[in-house]
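Below: one structure, written as structure tokens.
Atoms within a ligand are numbered from 1 in the order they appear, just like the ligands themselves. Just the heavy atoms: all of them, side chains too, but no hydrogens, waters or symmetry mates, feed the values below. It should be emphasised that the depicted structure is a prediction, and the values quoted were computed from it without experimental measurement.
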Amino acid sequence: MAAKRGVGDAPVRGRRVLVRVDFNVPQGPNGQVADDRRIVEALPTLNHLRAAGARAILLSHLGRPGGHRDPTLTLRPVVHRLSALLGQPVPLADDIVGVHAIEQAARLENGQFLMLENLRFHPGEEANDPGFAAQLAQLGELFVEDAFGTVHRAHASTVGVPKRLPSFAGFLVDREVRELSRLTESPERPYAVLVGGAKVEDKLPLLRSFLGRAEALLIGGALAFPFLKARGASLGATPVPSGLGPAVNEFLERAESSGTEVVLPTDLVVDRGGAPGAETHPAANLPSDASAQDIGPETRERFSRRLAGARTVFWNGPLGRAEDSRFREGTREVLSRLAGTPGYRVAAGGDSARIAEDLGVTGSFQFISTGGGAALEFVQGLELPGLAVLPDA
Ligand code: ADP
Ligand code: 3PG
Ligand code: MG
């Protein structure tokens, strides 16, 4: 994708600049920020704006409050963390586009920040309501898009506002587009894709998009179950979503003629109700009371060898139920063995980045996207409304 006009070229001094960030971060039990990576990744843009004398008004959502005020989804803990990271207080305007927000925005001085409360407290955000977008746009004079994780949403803050103001890409968006484009535009070959996780219905389009584009597609996690079943495996007590047979068969048929080899697990670590430990069984034939939880040692070896020969690797989704220490070894081993291999490796996904962090394998990747759905849509080659609306460089 062509580079977008960047914030580095924006005339921001003394100007009120609306900055869309994605501070939709995981929360702890008391609403505290449990993982601040998305905040930290926005700092290059925010530090630049401060140094350049902008008056920055930050916009974000948190969770899915559905157009209503939900005290558990306030951005207050986020501005608290952000203030600490910036070493400067960032006040929160809790009426979003009301008189307080207007007054606080007007009082900003060069190099200061203001954050608006969770945009999704207002029904106009997700509806991309023109009136709400116009009210937001009136708070600023320029717009900077740095919420890569949200560019797949056509909401007021991601599409409505940039249509109304001169708009620029922030440094995070620029970096995400540059890195992820290395997967979509002539990746170095062989290109191998490793996909796990749970929701087959959601991930079938992603998997389809790699047919004919990657040399190998390695499928693990619960995602592999319907494919194993379609190839005749008996999966014991493993829950396999019903009704997917036709789509999965069609996928496997298309794969045959696509030049992309689909590689499935040959052994699985299972849970057998009462039994205390985990057992490994051939994937073709699990005991009737066994429910599959992770890829087995033989599969780890096959996947690792396959990936070691690749020059480009994309990973999304755990290969087992990695939240449980008994079932994380498949993901941990395959990802950690990637580290020493040559080539370019990228990870993306809502849960995947955190899992890589927990397993201590972030070093296996040159780039870990801050995007969940946005990154998965990008690598499929889909048009993302929040990027399409920004002018090219
Ligand atoms: P991402 O958000 O990064 O795209 P997913 O949401 O698709 O990743 O995958 C994460 C979920 O997949 C985790 O909750 C994990 O427990 C689940 N998962 C992976 N493998 C299995 C499995 N074998 N059985 C049950 N759940 C699994
Ligand atoms: C994400 O975490 O993927 C983004 O912040 C978008 O959130 P959403 O899926 O609720 O639109
Ligand atoms: Mg997920």
- Item | Main-chain N/O of Thr72 paired with Gln27 side-chain donor or acceptor, under 3.5 Å | yes

- Message: For Phe168, does the six-membered ring have the charged nitrogen or CZ of Arg5 within the cation-pi criterion, i.e. under 6.0 angstrom from the centroid and within 45° of the normal?
- Response: yes

With the criterion set at N/O pairs under 3.5 Å, what does the list of contacts between the protein and ligand 2 look like, atom names and distances included?
{"residue": "ligand 2", "atom": "2 (O)", "partner": "Asn24", "partner atom": "ND2", "Å": "3.0"}
{"residue": "ligand 2", "atom": "2 (O)", "partner": "Arg38", "partner atom": "NH1", "Å": "3.0"}
{"residue": "ligand 2", "atom": "2 (O)", "partner": "Arg38", "partner atom": "NH2", "Å": "3.3"}
{"residue": "ligand 2", "atom": "5 (O)", "partner": "Asp22", "partner atom": "OD1", "Å": "3.2"}
{"residue": "ligand 2", "atom": "5 (O)", "partner": "Asp22", "partner atom": "OD2", "Å": "2.8"}
{"residue": "ligand 2", "atom": "5 (O)", "partner": "Asn24", "partner atom": "ND2", "Å": "2.9"}
{"residue": "ligand 2", "atom": "5 (O)", "partner": "Arg38", "partner atom": "NH1", "Å": "3.4"}
{"residue": "ligand 2", "atom": "5 (O)", "partner": "His61", "partner atom": "NE2", "Å": "3.1"}
{"residue": "ligand 2", "atom": "7 (O)", "partner": "His61", "partner atom": "NE2", "Å": "3.3"}
{"residue": "ligand 2", "atom": "9 (O)", "partner": "Arg64", "partner atom": "NH2", "Å": "2.6"}
{"residue": "ligand 2", "atom": "9 (O)", "partner": "Arg153", "partner atom": "NH2", "Å": "2.8"}
{"residue": "ligand 2", "atom": "10 (O)", "partner": "Arg64", "partner atom": "NE", "Å": "2.7"}
{"residue": "ligand 2", "atom": "10 (O)", "partner": "Arg64", "partner atom": "NH2", "Å": "3.4"}
{"residue": "ligand 2", "atom": "10 (O)", "partner": "Arg120", "partner atom": "NH1", "Å": "2.8"}
{"residue": "ligand 2", "atom": "11 (O)", "partner": "Arg120", "partner atom": "NH2", "Å": "2.8"}
{"residue": "ligand 2", "atom": "11 (O)", "partner": "Arg153", "partner atom": "NE", "Å": "2.6"}
{"residue": "ligand 2", "atom": "11 (O)", "partner": "Arg153", "partner atom": "NH2", "Å": "3.4"}

- Message: Is it the case that the side chain of Asp35 and the backbone of Pro26 share a donor-acceptor pair, with hydrogens and angles ignored and the cut-off at 3.5 Å?
- Response: no

Per-pair distances, ligand 1 N/O vs protein N/O, less than 3.5 Å:
{"residue": "ligand 1", "atom": "2 (O)", "partner": "Gly350", "partner atom": "N", "Å": "3.3"}
{"residue": "ligand 1", "atom": "2 (O)", "partner": "Asp351", "partner atom": "N", "Å": "2.9"}
{"residue": "ligand 1", "atom": "2 (O)", "partner": "Asp351", "partner atom": "OD2", "Å": "2.8"}
{"residue": "ligand 1", "atom": "3 (O)", "partner": "Gly350", "partner atom": "N", "Å": "3.4"}
{"residue": "ligand 1", "atom": "3 (O)", "partner": "Asp351", "partner atom": "N", "Å": "3.0"}
{"residue": "ligand 1", "atom": "3 (O)", "partner": "Ser352", "partner atom": "N", "Å": "2.8"}
{"residue": "ligand 1", "atom": "3 (O)", "partner": "Ser352", "partner atom": "OG", "Å": "2.6"}
{"residue": "ligand 1", "atom": "4 (O)", "partner": "Lys203", "partner atom": "NZ", "Å": "3.0"}
{"residue": "ligand 1", "atom": "4 (O)", "partner": "Asn316", "partner atom": "ND2", "Å": "3.0"}
{"residue": "ligand 1", "atom": "6 (O)", "partner": "Asp351", "partner atom": "OD2", "Å": "2.9"}
{"residue": "ligand 1", "atom": "7 (O)", "partner": "Lys203", "partner atom": "NZ", "Å": "2.6"}
{"residue": "ligand 1", "atom": "14 (O)", "partner": "Glu323", "partner atom": "OE2", "Å": "2.7"}
{"residue": "ligand 1", "atom": "16 (O)", "partner": "Glu323", "partner atom": "OE1", "Å": "2.7"}
{"residue": "ligand 1", "atom": "16 (O)", "partner": "Glu323", "partner atom": "OE2", "Å": "3.1"}
{"residue": "ligand 1", "atom": "20 (N)", "partner": "Ala222", "partner atom": "N", "Å": "3.3"}
{"residue": "ligand 1", "atom": "20 (N)", "partner": "Gly320", "partner atom": "O", "Å": "3.3"}
{"residue": "ligand 1", "atom": "23 (N)", "partner": "Gln293", "partner atom": "O", "Å": "3.3"}

- Task: Using atom types as modelled and distance alone, determine if a side-chain donor or acceptor of Asp70 lies under 3.5 Å from a backbone N or O of Pro65.
- Result: no

- Query: the Mg ion (ligand 3) is nearest to which N, O or S atom of Asp351?
  - Reply: OD2

- Using modelled atom types only, decide if a donor and an acceptor are shared between the side chain of Arg16 and the backbone of Ala106 within a distance under 3.5 Å. no

- Would you confirm whether Ser234, through its side chain, and Gly236, through its main-chain N or O, come within 3.5 Å as a donor-acceptor pair? no

- Message: Closer than 3.5 angstrom, by distance alone: can the side chain of Asn118 be matched with the main-chain N or O of Leu73 as a donor-acceptor pair?
- Response: yes

- Item | Cation-pi check, Arg182 onto Tyr344 ring (under 6.0 Å, within 45° of axis) | yes

- Item | Ring geometry between Tyr191 and Phe210 (parallel below 30°, tilted from 30 to 60°, perpendicular above 60°) | perpendicular

- Task: Output yes when a side-chain donor or acceptor of Asp174 lies under 3.5 Å from a complementary backbone atom of Gly170, and no otherwise.
- Result: no

